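Read through the structure below, which is laid out as structure tokens, and then see the notes.
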Amino acid sequence: MTGESKDTKENSSEYGTKLLTEQDEALQKDTWNETTDSKINKKEVYIKKCQDKQYSNALPNITNFEDIQQLVGTKGRWNLFLLLLCSYSSFDTAMYKLSYQFLGATPDHWCRFDSLLQANWTQEQIVSFAIPVNKKGKYESCLMYDRNYTRAVELGYQDATAALRDNPAVVPCHARDFNRSQYQSTLTTEFDLVCERRALYSSLNGAVQTGPIIACIVVGYIADRYGRRKVMLCCSVVSILSGLVAALSPLVEVYIFLMVVTLTGVTGLYISSFTLLMETCGRKERSSIGVLFVIPWSLGYMIVPGIAYLIRPWKWLLVALSLPSLPLLLNFWLLPESPRWLILQGKHKEALKVLKSAAMVNGKTLPSEERLLATMQLLQTKVSAEGKASVPKESVAKSKRRPAADRVVEVVKEYLVIVMVKELRGRAFIVFFCCADPYLYIFLGGLLELPSYLLLWPLTACLGRVKALLLLYLLCAIAILILALLMFFYPTAPIGILMLFSLSGKVAITMGFHLLWVFTVELFPTNYRSLATSQASLCARIGGVFSPYIIDLVGEVIVWAPSAVFCALSLLAAGLTIFLPETRGHNLLDVNTFHSTQTVKTSQRIHIRH
């Protein structure tokens with residue numbers, strides 16, 4: 001190494017602070033009476049002069065992180081390997097997110113009579129003698145006749161039926177028998193989550209959604225602060241251990257706690273892996289990579305009912321659904337950190353190590369280490385300078401004179417719609433409330449998601465993000481509306497017709513929800529991309545808490561009501577979507593430039609740098 005190159009390397013680490021100091025002094029000398037456009041241009045010109053002066057060793061054709069990605073390749077074997085590592089978390093997430101359909105399944109049930117069972121009465125005799133029939137001609141699940149069952153045991157079934165022909169009162173019972181022909185044991189049968197304890201069943205499903213809520217609040221910040229890789233590794237270990245231990249739960253409260261921990265880890269893993277993958281792919285590959293990431297979810301979706309069909313006891317079923325998480329432990333040796341995040345954090349040597357490994361696997365030749373390190377320092381400094389200068393001084397001074405509420409609205413108004421739209425997704429099923437075979441229904445749901453995700457690829461390429469999302473929400477609303485009308489006007493409609501509209505709406509809303517993940521990643525900068533994505537998803541998790549109550553409680557009273565509620569929410573989401581900015585074809589943001597555009601003309605409201 002020559003003396004000149006040594007000096008360049010030693011001075012490069014000090015230049016970031018020097019450039020920011022010089023820039024601040026220069027900008028403070030401005031009168032701030034110029035237009036915003038001239039100030040932005042002046043800042044950019046000044047930064048360019050400093051770059052030309054101090055970073056002659058940097059690569060001249062590298063202007064953003066996408067250019068660095070092009071050096072190592074965006075379609076090579078390393079990118080494919082990273083896709084497989086990250087997308088496996090999508091497969092693992094499906095194991096847990098859909099398991100509640102079988103772990104908490106509610107079979108047919110009726111009041112339990114231990115004295116009659118001990119007297120060797122058959123189940124048919126008990127039901128005909130002790131269980132009243134409702135207006136629909138079906139036996140009640142939670143009510144029984146108030147008879148003298150001790151006397152009935154002494155008489156026997158034939159004599160008791162003849163002797164006790166009075167009109168007894170109907171009273172609730174506090175112990176149940178379950179039809180175990182389909183489900184050998186579930187959480188519902190284990191902890192008696194029916195009748196007067198039915199609210200606890202809804203609370204169980206709602207409490208399980210608390211895990212994703214915690215992940216959305218905490219994991220995003222941790223991933224932006226300590227890195228995507230560390231969060232993925234920690235979440236993997238947490239979800240594996242808690243998922244296996246949950247099978248030993250002696251109480252429903254213990255199960256709820258362990259599943260909250262498990263789903264916190266699973267959701268954190270999903271958020272971090274998706275963010276890491278999107279930060280390492282090129283601009284042109286972002287739509288396709290986003291679709292390929294979620295394909296394993298569909299595969300897991302289809303596998304879950306098969307596992308549940310073969311393994312009926314809920315404890316062994318939970319163990320079987322937890323075992324696919326074990327390969328995640330390989331990430332300790334195989335998973336790299338996001339080079340984009342490393343560069344922004346100033347960890348340039350670690351980023352260089354990742355880039356060299358990627359280039360070697362992809363068969364690419366990189367420039368010298370000195371030039372790459374100087375280029376990384378230049379990009380980090382440039383992003384830091386743009387971040388400090390993203391809010392003009394005049395705008396800041398003006399905002400300080402405004403009421404606090406106005407300043408909050410000024411900051412979040414471009415993001416609020418994303419959060420609100422995500423809330424409307426609710427849960428994975430939205431409530432396409434059908435009485436179909438659950439094994440077949442869930443399998444078909446996963447099967448239909450495969451072509452729907454593949455269709456999302458050309459759909460976003462042709463229509464962009466906003467129009468595609470609007471179309472998907474409208475299709476979902478139409479499908480659910482038809483479903484609700486059929487349930488209201490034609491209660492005896494063939495199950496095949498109900499399933500058709502149910503699955504059609506589900507496919508549309510699922511495509512829209514995944515598109516929102518890609519959308520959110522593109523709208524927020526690297527330094528808080530995970531945080532923004534997780535917090536935007538938080539409202540969807542809150543919707544997931546309330547969905548069980550709408551499905552289980554309201555749906556039992558008015559069968560079409562849940563579909564009507566979610567139809568209205570889908571229409572509201574479609575209306576809100578028109579306020580979102582288009583991001584197709586833009587590079588990922590590395591600095592927040594939304595605030596600076598509030599004083600620029602309307603056509604520049606969403607200022608995304610190329």
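Not measured: the values here are computed from a predicted model. Residue numbers run from 1 in the order of the sequence given.
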Tell me which one of T188, T189, D192 satisfies side chain to side chain donor-acceptor pair (under 3.5 Å) with R176.
D192

Validation row: Y88, P327 side chains within 4.5 angstrom (heavy atoms)
yes

Output all residues satisfying ring pair (Phe, Tyr, Trp, His ring centres under 6.0 Å) with Y309, sequence neighbours left out; order by chain, then residue number.
Y439

For a quick test of reading the model, state the closest non-hydrogen atom pair linking M95 to I307 and the distance between them.
SD-CD1, 4.4 Å

Quick one: does any side-chain atom of R229 pair with a main-chain N or O of F332 as donor and acceptor, under 3.5 Å?
yes

Specify the closest pair of heavy atoms between L292 and S87, including all atoms of both residues, with the distance to one decimal.
O-CB, 4.4 Å

Separation between OG (S90) and NZ (K97), nearest 0.5 Å, reads 10.0 Å

Roughly how far apart are F191 CZ and L251 CG, rounded to 0.5 Å?
6.5 Å

For residues L276 and C86, determine if any side-chain heavy atom of one lies less than 4.5 Å from a side-chain heavy atom of the other.
yes

By salt bridge (Lys or Arg N to Asp or Glu O under 4.0 Å), which residues pair with R112, not counting sequence neighbours?
D114, D177

Could you work out, with salt bridge (Lys or Arg N to Asp or Glu O under 4.0 Å) as the rule, every residue matching E285, not counting sequence neighbours?
K75

In terms of heavy-atom contacts, A247 and V319 come closest through CB-CG2, 3.7 Å

Using the side-chain hydrogen bond (donor to acceptor under 3.5 Å, both in side chains) rule, collect all pairs that involve residues 234-260, keeping only residues at least two apart or in two chains.
S242-T262

Can you check whether L454 reaches L450 side chain to side chain, under 4.5 Å on heavy atoms?
no

Inspect the surroundings of NZ in K353 and state if more than 12 heavy atoms from other residues, nucleotides or ligands are less than 6.0 Å away.
no

To the closest 0.5 Å, what do you measure between CG (L335) and OG (S89)?
9.5 Å

pair L329-V237: side-chain heavy atoms closer than 4.5 Å:
yes

Between the side chains of S185 and E190, does any donor sit under 3.5 Å from an acceptor?
no

Minimum heavy-atom separation for L334 and L85, please, with both atom names.
O-CD1, 3.7 Å

For the student: nearest non-hydrogen atoms of A215 and G268, plus distance
CB-N, 3.8 Å

Rounded to the nearest 0.5 angstrom, the CG-CG distance for L233 and L328 is 9.5 Å

Just how far is it from atom CG of L342 to atom CD of E350, taken to the nearest 0.5 Å?
5.5 Å

Would you confirm whether the ring centroid of Y270 sits within less than 6.0 angstrom of the ring centroid of F293?
yes

Within the 4.5 Å heavy-atom criterion, are R465 and L515 side-chain neighbours or not?
yes

Got a salt bridge between E337 and K347, using NZ or NE/NH1/NH2 to carboxylate O under 4.0 Å?
no

Pairwise distance CG(L447) to CG(L299) - rounded to 0.5 angstrom:
10.5 Å

Just checking, any donor-acceptor pair under 3.5 angstrom between side chains of S325 and D92?
yes

Is the side chain of W341 donor-acceptor paired with the backbone N or O of D224 at a distance under 3.5 Å, no angle test?
yes

Heavy-atom closest contact (S322 atom, L244 atom, distance):
CB-CD2, 3.7 Å

Do V252 and L187 have side-chain heavy atoms sitting under 4.5 Å apart?
no

Enumerate the ring pair (Phe, Tyr, Trp, His ring centres under 6.0 Å) contacts for residues 221-246, please, sequence neighbours excluded, ordered by first and then second residue.
none

Among residues at least two apart in sequence or on other chains, which ones pass disulfide bond (SG atoms under 2.5 Å apart) with C173?
C111

So with a 6.0 Å cut-off around NZ of K467, is the heavy-atom count from everything else above 12?
no

